[in-house]
J.: 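If you scroll down you'll find the structure; I have some questions about it.
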Amino acid sequence: MRPLTRTLAGALALSTVLIVGEPAMAASRPAVTAARAEASQISRSKALVTDFTQRLYNRHDLSAIDAYLDADFTQHDPRIADGPTGLRDYLTAQNAAHPDSYLSVKRVIAEGDLVAVHSNLVLDPRTRGYSVLDLYRLSGGKIVEHWDTIQEVPATTVSGNDMFSTLSSPQVSRPDPSAPTALNKQLVTDMYKQVFVDKDVTAFDRYVVAPYYQHNPGFANGIQAAKDGISGMFSAFPDFHSDTYRVIAEGDLVVLQSRGTFTSDMAQGVFDIYRVQNGKVVEHWDIVQNVPSTSSNNNSMF
């Protein structure tokens, strides 16, 4: 009887462990389910915006406006009138003037209801075109709002790097799904505040690691070049201040939208893209545009 007793006791003990462990396992299921649902939604949002972009700018298919834009679509690009009609009118004229124009998507980053598309817009194939960051807000399967900045691609850069490539390893442009999105987002937010709001350029030493690859055409690679360049800007414009509007992150990539005000009549809209690895910033792209004094719509760039 003793072997049977020991067997029953062992089975009872095992069942107790399983029963006690069950609530913890059950508690983790909603979090896993929510994460999967969020990832699925992000994937759908990126697919929607990518298809919209390809149809509109590469196939010149203006029916994409009716298919993807909400009737109350809000436009923040100062060149374009508000609503779907404003975008249709603008692109009708652009396509007529530049029938061979095309857009090459470099990276797509999404969080929540926002999707950022970094691309090279080429109006004339004989030119280098423009670096563009389009930010779209989605709701109910439609695009409801759009912000952007656009910057001409120069013939040369101080660093020798172009405005689009990925130089840090691995050299891929898609976000790393295994990277800690929330931590990377907070890191970039903290770094940006310390550098551009508190004007403490030594923050680069705490948040950035060498080699620091730079895609801003006016900056050399490296931490010291960034510190020197930003310090020079603060000296030239002592009243400079920066306002952050949106920060979105996916994996190792973080996009930050800001307005830099230099003087009472000089400001720039900026989208910065940072790549974070192992808790340090390793690469930086940006797209900078002067804020115009007038706009084709009643919305600001921000």
J.: Ignoring hydrogens and angles, state whether a donor on the side chain of Arg79 or Tyr90 is under 3.5 Å from an acceptor on the partner side chain.
T.: yes

J.: Please answer whether the main-chain N or O of Ser300 pairs with a side-chain N or O of His76 as donor and acceptor at a distance below 3.5 Å.
T.: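 Flag set: sc His76 to bb Ser300 pair under 3.5 Å.
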
J.: Any sub-3.5 Å donor-acceptor pair from Asn297's side-chain atoms to Asp77's backbone N or O?
T.: yes

J.: Hey, is the main chain of Asp176 close enough, under 3.5 Å, to the side chain of Asp252 for a donor-acceptor pair?
T.: yes

J.: Using only heavy-atom distances, determine whether the side chains of Ser168 and Glu283 contain a donor-acceptor pair under 3.5 Å.
T.: yes

J.: Can you get from Tyr274 to Ile223 by hopping between Ile, Leu, Val, Met, Phe, Trp and Tyr side chains that sit under 4.5 Å apart?
T.: yes

J.: Would the distance check show the side chain of Ser159 and the main-chain N or O of Gln214 forming a donor-acceptor pair, the cut-off being under 3.5 Å?
T.: yes

J.: State whether the number of non-hydrogen atoms from other residues, nucleotides or ligands found under 6.0 Å of Asn298 atom CG is greater than 12.
T.: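 No, CG of Asn298 has 12 or fewer neighbouring heavy atoms, counting only those of other groups under 6.0 Å.
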
J.: Between Arg246 (side chain) and Phe302 (backbone), is there a donor-acceptor pair under 3.5 Å?
T.: yes

J.: Between Gln194 and Asp200, is there a donor-acceptor pair closer than 3.5 Å when you use the side chain of the first and the backbone of the second?
T.: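 Not confirmed, Gln194 side chain does not pair with Asp200 backbone.
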
J.: Walk me through it: do Val105 and Thr50 pass the test side-chain contact (heavy atoms from CB on, under 4.5 Å)?
T.: CA-CA 8 Å; Val105 173; Thr50 300; 5.6 Å; no

J.: Would you kindly confirm whether Tyr57 and Ile65 end up in one hydrophobic cluster when ILVMFWY residues are joined by side chain heavy atoms under 4.5 Å apart?
T.: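 Yes, because Tyr57 and Ile65 connect within a single hydrophobic cluster, where side-chain heavy atoms sit under 4.5 Å apart.
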
J.: So Leu167 and His215, do their side chains get closer than 4.5 Å, heavy atoms only?
T.: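 Side-chain contact under 4.5 Å: yes.
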
J.: Looking at His241 and Val197, would you say the former's side chain and the latter's main chain have a donor-acceptor pair under 3.5 Å?
T.: no

J.: Can you give me the closest heavy-atom contact between Ala67 and Arg55, atom names plus distance?
T.: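 What the structure gives for the nearest pair is CB-NH1, 4.2 Å.
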
J.: Is any side-chain heavy atom of Ile143 less than 4.5 Å from a side-chain heavy atom of Leu48?
T.: yes

J.: Apply side-chain contact (heavy atoms from CB on, under 4.5 Å) to the pair Val49 and Val108, showing each step before the final yes or no.
T.: CA-CA 9 Å; Val49 168; Val108 183; 5.7 Å; no

J.: Against the six-membered ring of Phe234, is Lys199 placed for a cation-pi contact (under 6.0 Å from the centre, within 45° of the normal)?
T.: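 Positive - Lys199 is close enough to the ring of Phe234 and near enough to its axis.
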
J.: Taking only residues two or more places apart in sequence, or in another chain, which ones meet Pro170 in a side chain to side chain contact (heavy atoms under 4.5 Å, CB included)?
T.: Val172, Arg275, Gln277

J.: Are Asp190 and Arg206 within salt-bridge range, i.e. N to O under 4.0 Å?
T.: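 Not counted as a salt bridge, because no side-chain N and carboxylate O are separated by less than 4.0 Å.
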
J.: Okay, side chain of Asn299, backbone of Gln75: is any donor-acceptor separation there less than 3.5 Å?
T.: yes

J.: Less than 3.5 Å apart, any donor N or O on the side chain of His60 or Ser101 sitting next to an acceptor on the other?
T.: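 A donor-acceptor contact under 3.5 Å links the two side chains.
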
J.: Any side-chain to backbone donor/acceptor pair from Asp134 onto Ala116? Under 3.5 Å, distance only.
T.: no

J.: Could you label the plane-to-plane angle of the Phe237 and Phe262 rings as parallel, tilted or perpendicular, counting under 30° as parallel and over 60° as perpendicular?
T.: perpendicular

J.: Does the salt bridge (Lys or Arg N to Asp or Glu O under 4.0 Å) test come out yes or no for Arg128 and Asp162, once each step is laid out?
T.: CA-CA 11 Å; Arg128 290 171 295 275; Asp162 63 44; over 6 Å; no

J.: Can you confirm whether Asp198 is buried at CG, in the sense that more than 12 heavy atoms of other residues, nucleotides or ligands lie under 6.0 Å from that atom?
T.: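 More than 12 heavy atoms, drawn from other residues, nucleotides or ligands, come within 6.0 Å of this atom.
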
J.: Taking all non-hydrogen atoms of both residues into account, name the closest pair between Thr181 and Glu250 and its distance.
T.: OG1-C, 3.8 Å

J.: Of all heavy-atom pairs between Pro154 and Pro217, which one has the smallest distance, and what is that distance?
T.: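 What the structure gives for the nearest pair is CG-CB, 3.7 Å.
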
J.: Between Asp265 and Thr263, what is the shortest heavy-atom contact and its length?
T.: OD1-OG1, 2.8 Å

J.: Between Ser45 and Gln41, do the side chains contain a donor N or O and an acceptor N or O under 3.5 Å apart?
T.: yes

J.: Go through Ser40 and Arg44 one step at a time and tell me if the side chain to side chain donor-acceptor pair (under 3.5 Å) criterion holds.
T.: CA-CA 6 Å; Ser40 178; Arg44 289 194 298 271; 2.7 Å; yes

J.: With hydrophobic residues grouped by side-chain heavy-atom distances under 4.5 Å, do Trp147 and Trp285 end up in a single group?
T.: yes

J.: Is a donor from one side chain sitting under 3.5 angstrom from an acceptor on the other, for Asn161 and Asn221?
T.: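 Present: a donor and an acceptor within the cut-off.
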
J.: Within the distance-only criterion (no hydrogens, no angle test), does the side chain of Ser173 pair as donor or acceptor with the backbone N or O of Lys106 below 3.5 angstrom?
T.: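 Side chain of Ser173 to backbone of Lys106, a donor-acceptor pair under 3.5 Å: yes, one is there.
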
J.: Check step by step if side-chain contact (heavy atoms from CB on, under 4.5 Å) holds for Phe164 and Val153.
T.: CA-CA 10 Å; Phe164 305 103; Val153 176; 3.8 Å; yes

J.: Do Asp51 and Tyr68 pair up side chain to side chain, a donor and an acceptor below 3.5 Å, judged on atom types alone?
T.: yes

J.: So among Ile248, Val247, Asp272, which one has a side-chain contact (heavy atoms from CB on, under 4.5 Å) with Val254?
T.: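 Option passing the side-chain contact (heavy atoms from CB on, under 4.5 Å) with Val254: Val247.
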
J.: Decide yes or no for Val288 and Thr149: does some side-chain heavy atom of the first lie under 4.5 Å from some side-chain heavy atom of the second?
T.: no

J.: Leu135 and Phe52: same hydrophobic cluster, using ILVMFWY side-chain contacts below 4.5 Å?
T.: no

J.: What heavy-atom pair brings Lys142 and Asp66 nearest, and what distance separates the two atoms?
T.: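 So the two residues come closest at NZ-O, 3.7 Å.
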
J.: With clusters defined by side-chain heavy atoms of hydrophobic residues (ILVMFWY) lying less than 4.5 Å apart, directly or transitively, does Val195 cluster with Val208?
T.: yes

J.: Quick one: ring-ring contact (aromatic ring centres under 6.0 Å, His included) partners of Phe271, sequence neighbours excluded?
T.: none

J.: What closest approach, in Å, do Ile109 and Ala249 show between heavy atoms, and which atom pair accounts for it?
T.: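 Minimum heavy-atom separation between Ile109 and Ala249: CG2-C, 4.3 Å.
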
J.: Apply ring-ring contact (aromatic ring centres under 6.0 Å, His included) to Phe196 and list each qualifying residue two or more places apart in sequence or on a separate chain.
T.: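 Per chain and number, Phe196 pairs via ring-ring contact (aromatic ring centres under 6.0 Å, His included) with Tyr192.
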
J.: Which residue is it: Gln289, Gln257, Arg259, Gln268? I am looking for the one with a side-chain contact (heavy atoms from CB on, under 4.5 Å) to Met301.
T.: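 Output: one option passes, namely Gln289.
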
